[in-house]
Amino acid sequence: MSTDKPVVVYGVSGYTGRLICEYLRELGVPFVAAGRDAERVREVVEKIPGIETADYEIVGVENDAAALAEAFDGATVICNTVGPFIKFGPEVVEAALQIGAHYTDTTGEQDWVMAARDRWGAQFAAKGLLLSPGIAHMYTTSEIAANIALEPGGYDTLDILVFWKGLPTFASTQTIFTILKADWYYLEQNQLVAWDHLSRFDVTVPGYHEQAVAVPWGGMSHPIWFQHDPRVSSVRSFGGVLNRAVMENVGLTVQMFEEQIKPLEPEAQEKALADIAAGLQASMPPRENPRYNRSVDSVHASGPLGRSHVVIHGNSNYKQTGLLQAFAAFSLIQEAPRRVGFASACQAFGHHELLGQLRAFGLVAEPVVTRV
């Protein structure tokens with residue numbers, strides 16, 4: 001088993017995997033649509049608009065490093081959407097390393113980002129390969145805003161707010177509950193500091209009069225990406241959905257975990273969280289509608305003598321993720337990334353380049369930039 005297709009999308013039976021395939025088709029990139037159940041993958045792929053014009057193959061393969069390496073041998077890039085990544089990601093990373101392929105994923109798990117960096121970053125760098133967990137709207141679009149905010153220089157602190165309107169997919173819901181078991185960190189004067197899991201904030205979201213509720217959302221990826229960036233010493237990231245009632249329930253769920261589930265044994269914890277997650281979102285949500293599914297990424301950069309504020313208004317956050325993943329793969333099959341080993345999307349491809357793609361496909365507006 002091997003493939004002559006340059007890109008593998010693993011986890012296509014899910015919501016985001018389908019969108020990555022859709023944008024790969026639009027970019028003219030041949031791909032393997034893969035998952036543990038080939039028939040489920042086929043059912044999803046056959047519903048992609050215009051799929052008859054795509055160059056693709058369907059593969060069913062178990063989440064085993066050796067089996068994945070055998071099935072994906074010959075590919076240049078593996079885009080992984082199978083989460084929770086702390087549970088299912090290691091085998092896919094090992095397979096990518098074995099066949100000499102770049103690795104990207106859509107994780108929202110800060111502990112997985114750190115684990116990937118520490119465990120495999122140096123090995124990928126030694127082979128000239130990219131290891132980029134967390135290329136997704138909730139992290140990358142706000143990372144673009146952060147880099148624009150930092151451009152003039154003289155700032156050392158980032159305050160990042162990410163909001164979107166809609167419901168999480170089944171996989172995202174699983175991730176939300178998985179991160180409850182991990183420690184969450186923000187960056188303070190170049191040191192990672194643990195969040196109190198019960199932290200929550202009333203925030204003003206640009207463009208909205210009603211105050212929203214934000215949470216650290218597992219710490220998010222930004223403190224890890226900027227941890228060794230000489231421009232930045234402190235990073236705090238918050239996020240949430242534009243539905244206050246939903247976010248109030250998120251806070252109650254976190255409190256319930258801390259009081260009732262955290263004292264349990266690890267296996268009992270995992271079962272309890274999986275049961276709650278399945279009860280909240282057990283089916284695939286409808287395709288995004290830009291008239292409803294909005295996103296707001298707001299970043300304040302500050303320094304001793306100045307401030308910069310960047311806001312990116314967008315729509316269809318899962319489509320943003322699909323496009324960002326597809327463009328990353330499209331770029332990697334043509335040229336080396338700007339940074340090998342562990343790197344964020346902006347570090348690997350450039351924030352203006354990524355912004356240009358999101359703008360070209362109508363997914364974000366021109367950034368609103370204010371400098372003082």
Side-chain angles (χ1 to χ4, degrees), residues 1-14 16-25 27-42 44-46 48 51 54-83 85 87-107 112 115-117 119-135 322 325-337 339-343 345 348-349:
M1 294 176 63
S2 63
T3 181
D4 61 353
K5 304 293 188 287
V7 177
V8 172
V9 184
Y10 185 51
V12 176
S13 57
T16 306
R18 176 188 66 184
L19 290 170
I20 297 172
C21 294
E22 186 172 326
Y23 283 109
L24 287 171
R25 185 200 72 84
L27 293 169
V29 178
F31 61 89
V32 174
R36 284 166 284 189
D37 186 331
E39 285 309 307
R40 283 188 62 195
V41 171
R42 188 181 306 279
V44 169
V45 171
E46 288 178 350
I48 294 174
I51 193 62
D55 181 4
Y56 71 97
E57 63 182 83
I58 291 173
V59 170
V61 58
E62 289 299 316
N63 198 73
D64 171 80
L68 292 166
E70 182 180 5
F72 301 159
D73 188 31
T76 301
V77 185
I78 296 177
C79 303
N80 184 20
T81 70
V82 179
F85 294 89
K87 183 176 181 180
F88 299 115
E91 292 82 359
V92 190
V93 176
E94 291 284 0
L97 192 61
Q98 183 176 330
I99 67 175
H102 302 285
Y103 173 91
T104 69
D105 71 33
T106 58
T107 190
W112 167 247
R117 176 195 63 187
R119 183 171 173 183
W120 296 287
Q123 296 178 66
F124 271 74
K127 290 191 171 186
L129 299 171
L130 175 66
L131 173 67
S132 190
I135 300 180
Q325 283 283 330
F327 176 72
F330 179 65
S331 179
L332 287 168
I333 64 177
Q334 297 180 82
E335 63 179 11
R339 183 182 298 185
V340 296
F342 175 80
F349 307 108

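The analysis underlying the following values was restricted to heavy atoms, covering all of them including side chains, and did not include hydrogens, waters or symmetry mates.
For the atom pair Ile51 CD1 and Arg25 CZ, the distance stands at 7.5 Å (nearest 0.5 Å). From Arg42, atom CZ reaches atom CD1 of Ile58 across 4.0 Å, with rounding to the nearest 0.5 Å. To the nearest 0.5 Å, atom CG of residue Leu332 and atom CD1 of residue Ile78 are 12.0 Å apart. The CG atom of Asn80 lies 9.0 Å from the CD1 atom of Ile20; values are rounded to the nearest 0.5 Å. Rounding to the nearest 0.5 angstrom, the gap separating the CD atom in Gln98 from the CG atom in Asp73 is 8.5 Å.
Here the side chain of Ser132 pairs a donor or acceptor atom with the backbone of Ala343 at under 3.5 angstrom. Remark: side-chain polar atoms of Thr81 are paired, donor with acceptor, to backbone N or O of Gly11 under 3.5 angstrom. Not a single donor-acceptor pair under 3.5 Å links the side chain of His102 to the backbone N or O of Leu129. Checked by atom type and distance alone, the side chain of Gln325 pairs as donor or acceptor with a backbone atom of Ile135 at under 3.5 Å. Using a distance-only test at 3.5 Å, with no hydrogens or angles considered, no donor-acceptor pair links the side chain of Lys127 to the main chain of Gly100. Side-chain atoms of Gln334 come within 3.5 Å of backbone N or O of Phe330 as a donor-acceptor pair. A donor-acceptor pair is defined here as one N or O able to donate and one able to accept, closer than 3.5 Å; such a pair exists between the side chain of Asp105 and the backbone of Gly134.
Using cut-offs of 30° and 60° on the angle between ring planes, the pair Phe85 and Trp112 is parallel. Between Phe31 and Tyr56, the ring planes are parallel. Angles under 30° get that label, and only those over 60° would be called perpendicular.
For the pair Ala75 and Ile99, the tightest heavy-atom approach, listed with the atom from each and the gap, is O-CD1, 4.4 Å. Nearest heavy-atom pair, Val41 versus Ser13, reported as atom, atom and distance to 0.1 Å: CG2-N, 4.2 Å. Residue Ala65 comes nearest to Ala95 through the heavy atom pair O-CB, 3.6 Å, listed as atom of the first residue, atom of the second, then distance. Val59 and Glu57 make their closest contact through CG2-OE2, 3.8 Å (heavy atoms, listed as atom of the first residue, atom of the second, distance). Across all non-hydrogen atoms, the minimal contact from Pro6 to Pro30 is CD-O, 3.4 Å. The two residues Leu130 and Gly341 have their closest heavy-atom pair at CD1-O, 3.6 Å.
Checking Asn63 against Tyr10 by side-chain atom types alone, a donor-acceptor pair falls below 3.5 Å.
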Exercise for the section: Before giving the answer on side-chain contact (heavy atoms from CB on, under 4.5 Å), spell out for Thr76 and Val7 the whole-Å C-alpha distance, their side-chain angles and the decisive distance to 0.1 Å. Expected result: CA-CA 6 Å; Thr76 301; Val7 177; over 6 Å; no
Problem - Evaluation steps, side-chain contact (heavy atoms from CB on, under 4.5 Å), between Asp64 and Glu91 - result: CA-CA 6 Å; Asp64 171 80; Glu91 292 82 359; 5.6 Å; no
Practice task
For Val45 and Arg18, run side-chain contact (heavy atoms from CB on, under 4.5 Å): C-alpha distance rounded to whole Å, both residues' side-chain angles, the deciding distance at 0.1 Å, then the answer.
Solution key: CA-CA 7 Å; Val45 171; Arg18 176 188 66 184; over 6 Å; no
Practice task
Could you please spell out the steps behind the side-chain contact (heavy atoms from CB on, under 4.5 Å) verdict for Ile333 and Val77?
Solution key: CA-CA 7 Å; Ile333 64 177; Val77 185; 4.0 Å; yes
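With a 4.5 Å cut-off on side-chain heavy atoms, Phe327 and Val29 do not count as touching. Between Pro337 and Ser331, every side-chain heavy-atom pair lies at or beyond the 4.5 Å cut-off. Two residues are said to be in side-chain contact when any heavy atoms from C-beta on lie closer than 4.5 Å; Phe124 and Tyr103 meet this criterion. When side chains are defined from C-beta on, Val9 does not count as touching Val32, because their heavy atoms never get closer than 4.5 Å. Looking at heavy atoms from C-beta onward, Ser2 lies out of side-chain contact with Phe72 at the 4.5 angstrom threshold.
Under the side-chain contact (heavy atoms from CB on, under 4.5 Å) test applied with Leu131, the options Leu97, Val93, Val340, Thr104 reduce to a single match, Val93.
A cation-pi contact links Arg36 to Phe88, judged by a cut-off of 6.0 Å to the six-membered ring centre and 45° from its axis.
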